[in-house]
Amino acid sequence: MKMSNQKIILTGDRPTGPLHLGHYAGSLKARVELQDNYKTYIIIADTQALTDNAASPEKIRKNVFEVALDYLSVGIDPKVSTIFIQSLIPELAELTMYFLNLVTLSRLQRNPTVKDEMKQRGFGGNMPAGFLTYPVSQAADIAAFKADLVPVGEEQLPMIEQTVEIVRKFNKIYKPTLVEPKAFMSECPRLLGIDGKSKMSKSLGNAIYLSDSSDVVSKKVMAMYTDPKHIHVADPGNVEGNAVFTFLDAFDSDKKTVEELKKQYRKGGLGDVAIKKRLIEVLENFLSPIRKRRAEFAKNPKAVMKILEEGTKKARIAAFQTLSEVRRAMKLDYF
Ligand code: TRP
């Protein structure tokens, strides 16, 4: 049972690359806003990252640090949020083992996110068993901290659903011990990529990273997908499915002007270059303080690693407490 009545958040990311604007709109922003009112745990899921990167330990190691820098630079405050490394909490692996008995193979094969990712990665007949079962390990991450709320992007919803099923089953078979979590969806749970076709994603090469330089951001915005039928400035244009407007909706705080621009664009007479210039300015205003903070933290890698070490120690205490309750409920508390 919970010790205090402050609600708990657990969320995190796989350290397979730097974080991008999609991560920010879908989850990082909410974490920063909620961290003062919730007890917040943020997991850098290196164990999960290894499920499809077993042969690239260097890449994962490097990105644990990069993701930590991303967190700190967007304003996740290590004084109130506990940032930790998944692999250093063996209790999570233990809980995963117990949870694996509460889920069927066919249920795992039906998880829509895993199905999409399987296709993307083209595993064919060679899918690592750890990959198919990573939703179970993710359920353990969430349950071990008794999280009430999980702020995530849209593609993670099936994971929360599966966690709820497992937790319910555990509580029913053994003893009410674990907490059923809820997903927390941002207003923009799925940001389009600069290609305007699919969601922003590292593997699709359509992302703008939080760590991109001004030059790179400008180039990416200038190459952004708009409306292929909007050829001359005078042509009426489509706002729906137009990546530039999707980004203005997500990052331009002057909603009134954005609505005006949409009207003008639909009618004709507003060029792509004009809206792209506005977007570049909006993104510069947003990213430049983030870049500055990132550079500050990057100067002192030892201090960043210390934050992770302290966070991991704290997180381990919480997970250890839950696992004691879990073992008792499962009659594994022998001595
Ligand atoms: N699956 C998440 C991602 O791909 C990372 C993750 C691991 C996570 N464990 C979690 C997210 C628990 C939320 C809660 O980035």
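Atoms within each ligand, like the ligands themselves, are counted from 1 in listed order. Because only heavy atoms are used, hydrogens play no part in the values below, and waters and symmetry mates are left out as well, while side chains stay in.
For the pair Arg14 and Tyr134, the cation-pi criterion (under 6.0 Å, within 45° of the ring axis) is fulfilled.
Residues that satisfy the salt bridge (Lys or Arg N to Asp or Glu O under 4.0 Å) test with Asp141, not counting sequence neighbours, are absent from this structure.
Residues Tyr71 and Leu19 have side chains in contact (heavy-atom distance under 4.5 Å, counting atoms from C-beta outward).
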Pick out the protein N or O atoms lying less than 3.5 Å from any N or O of ligand 1, and list each pair with its distance.
from     : atom 1 : to     : atom 2 : distance (Å)
ligand 1 : 1 (N)  : Gln48  : OE1    : 2.8
ligand 1 : 1 (N)  : Gln138 : OE1    : 2.8
ligand 1 : 1 (N)  : Gln156 : OE1    : 3.1
ligand 1 : 4 (O)  : Arg14  : NE     : 3.2
ligand 1 : 9 (N)  : Asp141 : OD2    : 2.8
ligand 1 : 15 (O) : Arg14  : N      : 3.3

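Here the straight-line distance linking atom CZ of Phe251 with atom CG of Leu279 works out to 9.0 Å at 0.5 Å rounding.
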Problem - Phe145 vs Phe84, ring pair (Phe, Tyr, Trp, His ring centres under 6.0 Å): CA-CA, chis, key distance, verdict - result: CA-CA 12 Å; Phe145 293 90; Phe84 68 97; 5.1 Å; yes
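Of the options Arg294, Lys299, Lys292, Arg293, a salt bridge (Lys or Arg N to Asp or Glu O under 4.0 Å) to Glu296 is made by Lys299 and by none of the others.
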